[in-house]
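All chains are named by letter (A, B, ...) in the order of the sequence lines, taking the proteins before the strands, and each is independently numbered beginning at 1. Keep in mind the model is a prediction, meaning the values are calculated, not measured.
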Amino acid sequence: MQESRYNPGRIEQKWQKKWEEQQAFYASREKDSRPEYYVLEMFPYPSGRIHMGHVRNYSIGDVVARTKRMQGFNVLHPMGWDAFGLPAENAAIKNKTHPAHWTYQNISYMREELKRLGYSYDWSKELATCHPGYYKWEQLFFIELYEKGLVYRKKAPVNWCPTCLTVLANEQVEAGLCWRCDTMVENRELSQWFLRISDYAEELLADLDKLSTGWPERVISMQKNWIGKSRGMEIDFSVQGLDRKITVFTTRQDTLFGATFMSLAPEHELVPELISENPAKDSILDFIDRISAQEQEERIAEGAEKEGVFTGRYCVNPVTNEQMPIYLANFVLLEYGTGAVMAVPAHDQRDLEFAGKYDLPVRIVVQPEESVPDSETMSHAFTEPGIAVNSGQFDSKPTSIVQEEIADYLESLGIGRRKVNYRLRDWNISRQRFWGAPIPMIYCPQCGIVPTPRDELPVLLPEDTEMPPDGRSPLPELESFVQATCPRCAAPARRETDTMDTFVESSWYFARFTSPRREDAPFDAGAIKHWLPVDQYIGGIEHAILHLLYARFFVKALRDLGYWDLKEPFANLLTQGMVLKDGAKMSKSKGNVVDPDEMISRFGADTVRLYCLFASPPEKDLEWSDQAIEGSYRFLNRLWRLTHDLFPVISPVGPCLKMNSDELSFEEKELRAVEHDVMRRATRDMLERFQFNTAIAAAMELLNAVNQHKDALKSNKSGQQILSSALSTVLTVLAPIVPHICEELWSFMGYNTPLSAARWPAYDFQAIEKEKITVVIQVNGKLRSSLNVPADIDEEELKRLALADSRIQKHIQGKTMVKLIVIPKKLVNIVVR
RNA sequence: GCGAGAGUGGCGGAAAUGGUAGACGCACUGGACUUAGGAUCCAGCGGUUAGUCCGUGGGGGUUCGACUCCCCCCUCUCGCACCA
């Protein structure tokens with residue numbers, strides 16, 4: 001017996017159980033001829049509880065998965081856990097337990113939370129990246145990449161976070177602060193493992209074009225920016241009195257004649273030699289120490305004073321043959337280009353400021369066409385293109401030409417080379433942490449660095465260890481872990497104790513989802529071919545650079561290891577906006593967190609899902625409102641009540657019922673027209689535009705129309721059928737959004753196959769066509785009247801009616817009609833003078 | 001500074017290709033039903049008037065007609081930033 005009151009708790013549990021028993025969302029590629037569709041949401045870190053951002057992300061993904069299924073696709077929709085990471089270590093220390101324990105506990109709690117939301121995941125594909133069955137393959141990739149030369153170890157100045165006690169990748173440093181804990185990052189020298197992502201810079205950049213139809217412009221531009229390609233030259237300058245040359249990178253070789261001094265990064269490798277005979281050596285060393293000791297942030301802070309020191313040496317400008325004093329300058333970065341800059345003060349603002357401070361010559365070599373700047377008084381460098389002057393044989397030519405001609409000239413002399421430079425650096429994946437995938441390398445005193453043999457993988461993370469309370473990784477002191485035998489010479493050796501950056505795990509999990517239990521290989525080749533690339537990827541904009549760039553790189557690197565011929569991981573990307581409360585991101589410190597569990601127990605999962613999708617379109621930020629969510633709850637109650645009220649007259653006729661319109665009454669046609677039009681709009685909004693808010697609005701309109709027409713229609717057979725069809729359409733459209741209540745009402749209406757397996761109906765275009773339509777009449781483009789006329793009215797008749805309209809008459813009387821514009825079925829515009 | 005996105009009622013937001021601005025919802029107002037209602041139902045709801053006029057950040061322009069297209073400007077958000 002049906003309850004008359006809407007009880008979300010009861011029905012949600014009921015349907016979740018049914019879906020699970022029936023394995024309704026199990027994805028198999030065997031014996032399935034349907035086209036495949038892979039929809040994936042960014043998997044969560046198992047922090048303990050899901051938050052509203054997850055709910056929004058996964059609700060969007062679930063609508064996509066469910067609509068695609070209804071559309072006849074074989075949908076893969078998996079979920080898993082990005083399970084390595086520092087918080088587990090901190091929690092383990094605090095609770096005197098093992099990070100694995102904390103992590104798996106969180107996973108089981110959060111899995112239940114997700115299940116309570118009714119997402120249509122294929123839980124049989126679930127994976128956790130901290131499981132040896134997962135990271136084993138990551139270790140294999142590491143070794144294969146090492147053997148291919150795409151992994152290397154080098155001593156490098158690294159970003160060290162003193163709070164997290166680990167190294168951070170450049171991408172993980174935001175304005176000089178640790179991305180995770182906002183601590184000021186320090187510079188340190190450490191030997192680290194790097195992935196050669198910079199080898200793929202050009203391909204990563206070029207392939208962004210392939211993504212331009214499926215990815216947001218914003219993300220593409222951020223990635224382009226990050227890769228930072230610039231074209232220019234490397235130019236050699238010989239140092240006077242030393243058999244050395246300094247190589248610079250410049251994009252403005254056309255200004256070479258204006259290069260009047262040289263700026264080096266204080267850490268530049270030639271510096272010791274350059275200053276070795278300088279009597280003021282000590283003060284120069286002091287300068288270097290001072291600058292090097294500066295925090296990264298301080299050194300590159302906006303408006304930081306230009307500072308430098310003269311080395312006492314000169315180099316020679318190869319085209320003017322003039323002496324250029326060599327300076328060390330605080331603003332020159334060792335990491336970019338060659339760590340050396342030819343200074344052209346007239347045409348570079350930084351160089352101009354530096355020249356002003358140290359009284360160095362300014363020589364104008366590019367002029368705008370109209371005016372001539374004065375090198376004595378200029379305060380802003382002229383950086384635009386212009387005409388070359390003071391540039392020998394290149395004079396009077398436009399700089400764009402000079403660019404090429406100087407490049408040719410320097411190349412012919414062998415002192416310069418055209419060069420493309422990228423801002424993208426290699427990816428440092430070493431972390432001095434415990435809770436991560438161990439880097440599978442062995443240090444042998446005789447043989448050096450040797451990979452762990454493949455048949456010894458995985459290098460297991462010890463499960464019986466205790467976390468040192470100071471937060472350091474226990475691995476270096478854990479002899480049972482560290483002690484190894486050299487695979488090459490069998491001598492006692494030591495294991496690498498660094499673990500991998502957790503972004504490595506998330507760089508390939510989407511592929512593992514296609515065959516997550518496979519034990520003899522990372523991927524099932526057939527499954528890869530079948531499912532990949534991900535058709536629709538959904539997640540937060542905060543991953544626009546880090547995660548998405550790494551994943552793209554991994555796909556290309558694994559392609560080069562022979563795993564697939566895939567070029568890109570994610571064909572389409574949807575970046576959803578943040579969930580805000582009181583205009584700000586939810587956070588514990590602000591005390592504006594809305595707890596999903598609490599909302600679910602108050603209103604039910606369907607209401608929470610509905611609100612998340614209705615309050616704004618997916619890409620925009622969503623402002624959480626405790627008041628507005630009640631509106632969503634009210635709507636579901638209305639849907640429930642109306643369906644029950646109509647119970648005596650409704651029957652399972654199917655959505656968008658095909659009927660012969662000629663035999664219907666006016667009201668019947670009206671409702672039927674709304675129904676089919678709503679179906680049309682919902683199809684467009686949900687399937688093509690991912691604008692669920694307007695699709696929901698359409699469903700609400702249809703329910704309003706049912707309510708409005710119900711008394712007139714429920715007394716006869718065809719009216720009842722129209723009502724039943726309209727209600728069925730409401731349920732069908734809303735099924736992907738609020739699946740539990742729709743399933744319940746669907747079965748209540750008498751359907752005996754579940755809505756989750758129903759087909760997305762086709763609407764009847766003719767049903768939408770109305771017999772009488774409203775045509776707007778304008779005079780000089782201003783709305784003056786409107787007419788209710790037959791849809792098939794003849795144009796001449798429409799003009800006649802428009803001109804005869806009394807309200808129109810008033811506006812055109814005594815004036816000359818210049819023009820009469822008729823837009824069929826829309827409007828008439830009378831232009832008078 | 002460079003790149004991207006966005007400015008529409010009290011609020012969240014609608015308006016494919018230029019063609020009734022404000023769909024849908026929240027809040028609010030009035031009414032009905034009720035012992036009561038913060039439940040539900042019905043009606044109203046951009047501003048302003050006597051029929052009007054004004055309204056999509058501001059200013060120009062194109063057009064019979066502009067939230068939509070073009071130019072200039074302002075504001076906000078995000079990303080990058082002493083990148084040579």
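- Protein atom CG of A:L256 is 14 Å distant from nucleotide atom C1' of B:A84, rounded to whole Å.
- One finds no side-chain N or O of A:K826 lying less than 4.0 angstrom from the OP1 or OP2 phosphate oxygen of B:G19.
- B:G7 and B:A16 have their P atoms separated by 15 Å, with the value rounded to a whole Å.
- Taking the C1' atoms as reference points, B:U56 lies 28 Å from B:A50, given to the whole Å.
- The CG atom of A:L573 sits 9.0 Å away from the CG atom of A:L211 when rounded to the nearest 0.5 Å.
- An OP1 or OP2 oxygen of B:C83 is reached within less than 4.0 angstrom by no side-chain nitrogen or oxygen of A:R425.
- Residues that satisfy the side-chain contact (heavy atoms from CB on, under 4.5 Å) test with A:R784, not counting sequence neighbours, are A:V779, A:K782, A:I808, A:H811.
- With values rounded to the nearest 0.5 angstrom, A:I768 atom CD1 is found 5.5 Å from A:R680 atom CZ.
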Quick one: which protein N/O atoms are closer than 3.5 Å to N/O atoms of nucleotides 42-52 of chain B? Pair and distance per line, please.
from  : atom 1 : to     : atom 2 : distance (Å)
B:C42 : OP1    : A:N707 : ND2    : 2.9

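- When the side-chain nitrogen and oxygen atoms of A:R350 are compared with OP1 and OP2 of B:C83, one or more of them lie within a distance under 4.0 Å.
- Taking only side-chain nitrogens and oxygens, A:R634 comes nearer than 4.0 Å to OP1 or OP2 of B:A27.
- The side chain of A:N421 contributes no N or O atom lying less than 4.0 Å from OP1 or OP2 of B:C83.
- Contact annotation: A:N704 side-chain N/O to B:G25 OP1/OP2 distance is under 4.0 Å.
- Phosphate proximity of B:A15 to A:Q691: present, with a side-chain N or O under 4.0 Å from OP1 or OP2.
- Remark: A:K306 qualifies as a cation-pi partner of A:F331 under the 6.0 Å distance and 45° angle criteria applied to the six-membered ring.
- In this entry the distance linking CE of A:M342 with P of B:C83 reads 15 Å, nearest Å.
- Rounded to an integer number of Å, the gap from A:L783 CG to B:C53 P is 11 Å.
- Taking the side chain of A:E701 as heavy atoms from C-beta on, and the options B:A84, B:A23, B:C80, the nearest nucleotide is B:A23.
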